[in-house]
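Reading through the structure tokens given below for one structure.
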Amino acid sequence: MDTEKQTTTWPKPLAPSFYRRPPEIVARALIGKTLLHRRDDQVVGGVIVETEAYLAQSDPACHAARGMTPRNRTMFGPEGRLYVYTIHAKYCLNAVTQRAGVGSAVLIRAIEPRWGIEVMQQRRGQHASDRLCRGPAMLCQAMGIDLQHDGVCLTETTTVWIGRSVQRIIASQIVTAPRIGISQAKEIPLRYFVRNSPFVSGPKYWHKTAP
DNA sequence: CGATGGATGAACT
DNA sequence: GTTCATCCATCGT
């Protein structure tokens, strides 16, 4: 019978129009949304708690600021695609925003694990849940996302997608701070995260206040 | 094909 | 707050 079948209904993917806005708007709107990855009928994912916006040509910290290369070409493709890149021999994942040709994106830095936690713990080596997906490279490792996922469509549930919220996050709980790990434009507060969330990366930024 | 760098992460003071 | 080991992909030769 169907007793062994998957009965969970996963969050429905956000529409392409969600991404068709400036990256700083999308970055804030993504807080509380869900990130999921399906492989072999196994779904892992959770609630997005930390993002950063990268503003295309006007932003020297943005990969797209120096024009299109083979590496960053996904950033210049249609909105709503997944941009994956390598850094320090690890991977980070972004959602492409605005429209094709612009080169803006939102880096997803952390999620609160919710689905497939045991699988993610195996990939990460049995970490506590608040250490599983805390930081962009840890997030990719836990979710099994790498360069082969570069360019996938986030508005379809085939592989990787961003879905609707499953819990309400109050706007006043979303705070901003400078982005982490960059050497240029390091003062601009384009990082968004949930205040006091133990799932957010970075050292003790939790008490910082909203703009 | 080798040199290089980096949107990291961990371990420090 | 700081340094720094790490190592794949990219890019220049």
Side-chain angles (χ1 to χ4, degrees), chain A residues 19 22-28 30-31 35 48-77 79 81-98 102-113 120-121 123-152 154 160 162 175-194 197-209:
Chain A
Y19 303 95
E24 64 271 32
I25 302 294
V26 177
R28 183 183 288 273
L30 278 175
I31 300 296
L35 174 68
I48 298 170
V49 295
E50 181 184 4
T51 62
E52 288 179 359
Y54 286 85
L55 312 185
Q57 277 79 9
S58 64
D59 179 5
C62 180
H63 289 174
R66 280 178 265 176
M68 186 167 69
T69 68
R71 180 199 195 204
N72 65 18
R73 67 186 190 90
T74 300
M75 287 188 94
F76 290 92
E79 69 278 10
R81 302 295 182 90
L82 185 72
Y83 168 49
V84 182
Y85 65 89
T86 311
I87 182 67
H88 288 81
K90 296 152 189 159
Y91 305 105
C92 298
L93 68 92
N94 301 249
V96 177
T97 56
Q98 293 185 293
V102 173
S104 65
V106 174
L107 171 69
I108 299 175
R109 291 189 54 92
I111 68 171
E112 176 180 337
M120 292 195 284
Q121 282 174 329
R123 289 180 180 140
R124 290 269 302 120
Q126 295 294 332
H127 274 280
S129 68
D130 65 354
R131 290 291 179 96
L132 269 189
C133 304
R134 205 177 77 172
M138 288 180 181
L139 172 61
C140 283
Q141 183 188 8
M143 293 192 67
I145 291 171
D146 58 33
L147 281 191
Q148 80 180 98
H149 302 100
D150 183 44
V152 308
L154 292 170
V160 181
I162 294 175
V175 294
T176 65
R179 295 171 291 184
I180 288 181
I182 56 174
S183 56
Q184 302 175 77
K186 53 174 65 174
E187 305 305 323
I188 311 173
L190 289 172
R191 175 166 171 256
Y192 301 82
F193 58 99
V194 179
S197 169
F199 302 98
V200 167
S201 74
K204 298 189 172 67
Y205 280 102
W206 299 348
H207 63 284
K208 290 221 175 175
T209 54

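Each chain gets a letter, A, B and so on, in the order the sequences are listed, and its residues count up from 1. A quick note: this is a predicted structure, and the numbers were derived from the prediction, not measured.
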| Between A:D59 and A:R179, is the closest basic N to carboxylate O distance under 4.0 Å? | yes

| Within this structure, what is the CZ-to-C1' distance between A:R73 and C:dT10, rounded to whole angstrom? | 14 Å

| task | Decide if the gap between the ring center of A:H63 and the ring center of A:Y85 is smaller than 6.0 angstrom. | result | yes

| request: At under 4.0 Å between heavy atoms, which parts of nucleotides 7-13 of chain B does protein reach? Answer with one letter per nucleotide, 5' to 3': B base, S sugar-phosphate only, - none. | output: BBSS---

| message | Closer than 3.5 angstrom, by distance alone: can the side chain of A:E50 be matched with the main-chain N or O of A:I111 as a donor-acceptor pair? | response | no

| message | Whole angstroms only, please: what is the CD-C1' distance between A:Q148 and C:dC8? | response | 15 Å

| Six-ring centre of A:Y83, A:R81 cation under 6.0 angstrom, axis tolerance 45° | no

| note | Which of A:R123, A:R124, A:K90 passes side chain to side chain donor-acceptor pair (under 3.5 Å) with A:Q141? It is A:R124

| OP1 or OP2 of C:dT10 sitting under 4.0 Å from any side-chain N/O of A:T86? | no

| request: Look only at the side chain of A:R71 and the backbone of A:T86, and say whether a donor-acceptor pair between them is shorter than 3.5 Å. | output: yes

| Short question: side chain of A:N94, backbone of A:L82 - any donor-acceptor pair under 3.5 Å? | no

| Can you find a side-chain donor-acceptor pair between A:S201 and A:R134 that sits under 3.5 Å? | no

| For DNA chain B, what are the stems built from at least three Watson-Crick or G-U pairs in a row, each pair having both distances below 3.5 Å? | B:1-6 with C:7-12, B:8-12 with C:1-5

